[in-house]
2 protein chains.
Amino acid sequence: MKINKQSLEEQAADYLRQQILAGAFVSGDKLTESTLAKDLELSRTTVRMALNTLASEGLVSQKPYAGWSVTTLSGHDIWEIYHLRVALESQAAMMAAETINDEKAKRLRDELAAFQAICKRKDVSLAEVTLCDFKLHKLIIELSESDRLARMYKSVINQLSIYIRITHFDFDIESSADTHIDLINAICAGEPEKARRLAIENISTFTEMGQKLKIEQDHTSDFAAS
Amino acid sequence: MKINKQSLEEQAADYLRQQILAGAFVSGDKLTESTLAKDLELSRTTVRMALNTLASEGLVSQKPYAGWSVTTLSGHDIWEIYHLRVALESQAAMMAAETINDEKAKRLRDELAAFQAICKRKDVSLAEVTLCDFKLHKLIIELSESDRLARMYKSVINQLSIYIRITHFDFDIESSADTHIDLINAICAGEPEKARRLAIENISTFTEMGQKLKIEQDHTSDFAAS
DNA sequence: TGGTCGGCATTGTCCGACAATAGGCACTCG
DNA sequence: CGAGTGCCTATTGTCGGACAATGCCGACCA
């Protein structure tokens with residue numbers, strides 16, 4: 001038996017977030033309260049509150065009396081988001097290194113090992129590699145043991161994925177996991193400053209490539225889910 | 001003539017935020033929708049949305065069907081907030097250093113000079129010093145030119161001031177401004193890495209003292225206002 | 001003592017209504 | 001032809017009331 005403890009508003013927010021991240025609504029699309037209310041079979045009030053939630057996460061924007069729309073990001077917005085990601089992820093790497101213990105280290109190494117195993121397969125798809133990469137970064141955030149940081153990070157990543165539907169591309173898949181080895185080692189060794197530096201480097205190369213190519217990504221809901 | 005373009009919800013949120021930061025409601029106080037609605041002469045719906053906004057900022061918490069209350073922060077929460085402040089403020093210092101120009105440098109130096117002037121006065125109050133200190137930090141954030149970062153920073157600071165009603169205490173007021181000199185110089189000189197390091201040091205000493213003493217602070221509304 | 005059962009306060013959700021506003025269209029006037 | 005003007009429509013902003021769902025607390029009972 002499974003009972004649903006989430007409020008309707010929460011469910012609506014989750015659903016809409018997922019739809020946006022999955023690309024069912026794309027940047028600039030207009031969302032009207034009454035239409036959504038009919039589609040979701042909810043009252044306008046509830047839908048409205050869900051939209052408010054998404055707005056606070058930066059996924060949708062509203063113009064007074066004009067309507068809601070999926071956020072459109074300018075170049076400057078992307079710049080902001082990139083720098084925020086650097087700030088949060090490097091901080092998380094530091095904190096993870098500071099609070100490292102055997103159990104955490106094991107989780108990190110296991111995740112990295114899985115990542116490497118995936119990369120070695122010949123028939124591996126980009127999607128799978130991407131998923132592993134995401135999971136690893138997400139794990140580092142989790143190991144920082146800061147819910148607030150995790151929340152902010154998720155918001156940043158979600159905003160980013162409205163704009164870019166990529167993470168990895170046609171560069172060497174095999175070495176994809178390996179670029180994380182040093183970072184994971186630094187964290188496990190309890191070297192905060194080194195971990196911080198490597199985390200920044202890792203994101204930098206990632207983003208640099210992101211500027212060149214944009215590819216559809218088919219599992220954007222990963223971050224929004226939890 | 002001055003017309004009010006803000007929605008009622010926004011005004012309610014601003015008002016409540018100010019009340020919380022000013023100490024009219026303290027940590028743990030219960031807020032009931034219908035009571036607030038009567039007090040503010042608004043509908044429950046509107047109040048509810050305002051509370052939702054504050055919740056997304058971390059100022060109030062809600063337990064389903066039980067009620068809203070001003071957030072109570074645990075030791076771990078404070079730890080999270082401290083680390084977030086470090087991450088955001090050091091990043092802002094870096095970004096300010098990276099994008100420094102004559103006009104920005106002038107603003108920084110002017111603010112610092114004002115700070116120093118205040119500290120030199122014999123009859124200066126702690127409140128005034130605190131205000132200057134806040135303004136300087138706020139300026140650095142602003143100079144990073146990232147609205148998202150500013151928003152997150154404000155949220156972090158607001159949460160912090162629910163718990164701690166202090167910024168400065170009975171340590172040497174005269175040298176208070178001077179501890180910022182190196183940081184400002186690094187930013188103006190366009191040295192991101194140095195600026196980052198000094199920003200972290202600055203916050204660390206600040207927080208360290210914050211753990212010892214807690215003093216009422218009488219201008220908490222500064223950050224929430226803008 | 002410990003568990004159960006109501007009652008009360010408060011939130012969660014809905015509906016319907018109406019005012020306020022933005023955005024687009026047609027119209028006028030030069 | 002172009003610019004400004006005024007109207008119409010779609011949509012949001014706000015409201016009040018209503019009722020169900022739930023958490024809390026105290027009373028009662030074994």
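Every chain is numbered from 1 and lettered A, B, ... according to where its sequence line falls, protein lines coming before strand lines.
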Discussion item. Can you see if the side chain of A:Gln62 gets near the phosphate of D:dT11 - specifically, an N or O under 4.0 Å from OP1 or OP2?
Written reply: no
Discussion item. Please report the interatomic distance CD1(B:Ile187) to CD1(B:Ile100), rounded to the nearest 0.5 Å.
Written reply: 7.0 Å
Discussion item. Given C:dT13, D:dC24, D:dC15, identify the nucleotide with an atom nearest to the side chain of B:Lys63.
Written reply: D:dC24
Item to complete: Using a 4.0 Å heavy-atom cut-off across all strands, classify A:Thr45 as base, sugar-phosphate, or nothing.
Response: base
Worksheet entry | Rounded distance (Å) that lies between atom C1' of D:dT22 and atom OH of B:Tyr65 | 6 Å
Worksheet item: Under 4.0 Å between a side-chain N/O of A:Thr46 and OP1 or OP2 of C:dC14, yes or no?
Response: yes
Worksheet item: With a non-hydrogen cut-off below 4.0 angstrom, is B:Leu31 in contact with a base, only sugar-phosphate, or nothing?
Response: sugar-phosphate
Worksheet entry | Between CD on residue A:Glu89 and CD1 on residue A:Ile157, distance to nearest 0.5 Å | 6.5 Å
Worksheet item: Has A:Lys5 got a side-chain N or O lying under 4.0 Å from the OP1 or OP2 atom of D:dG23?
Response: yes
Worksheet entry | Separation of C:dT11 C1' from B:Asn52 CG (nearest whole Å) | 12 Å
Practice prompt. To the nearest Å, give me how far apart CE (A:Met49) and C1' (C:dT11) are.
Written response: 11 Å
Fill in: Under 4.0 angstrom between B:Lys30 side-chain N/O and C:dA9 OP1 or OP2
no
Worksheet item: Start at the 5' end of DNA chain C and walk down; is the nucleotide closest to B:Gly67 or to A:Ala66 reached first?
Response: B:Gly67
Item to complete: Consider the side chain of B:Ser43, meaning its heavy atoms from C-beta on, and name the nucleotide among D:dT22, C:dT10, D:dT14 that approaches it most closely.
Response: D:dT14
Response to the item:
B:Leu40 atom CG is separated from D:dG13 atom C1', nearest whole Å, by 17 Å
Worksheet item: How close or far is atom C1' of C:dT10 from atom CD of B:Glu33, stated in whole angstroms?
Response: 8 Å
Practice prompt. Between D:dT14, D:dC15, C:dG12, spot the one nearest the side chain of B:Glu9, thanks.
Written response: D:dT14
Worksheet entry | Nearest-0.5 Å distance that lies between atom CG in B:Leu31 and atom CD in B:Gln62 | 11.5 Å
Item to complete: Rounded to the nearest angstrom, tell me the gap between atom CH2 in B:Trp68 and atom C1' in D:dG23.
Response: 16 Å
Worksheet item: When the distance from CD of A:Glu41 to C1' of C:dC15 is rounded to whole Å, what number comes out?
Response: 16 Å
Item to complete: Answer yes or no: are there more than 12 heavy-atom neighbours, outside A:Asp39 itself, under 6.0 Å from its atom CG?
Response: yes
Discussion item. Under the criterion side chain to side chain contact (heavy atoms under 4.5 Å, CB included), I'd like the reasoning laid out for A:Trp68 against A:Asn52: C-alpha separation, chi angles, the key distance, then a yes or no.
Written reply: CA-CA 10 Å; A:Trp68 304 79; A:Asn52 252 311; 4.2 Å; yes
Worksheet item: Does the side chain of B:Arg44 get closer than 4.0 angstrom to OP1 or OP2 of D:dC15 through an N or O atom?
Response: no
Worksheet item: What integer distance in Å separates B:Lys38:NZ from C:dA9:P?
Response: 12 Å
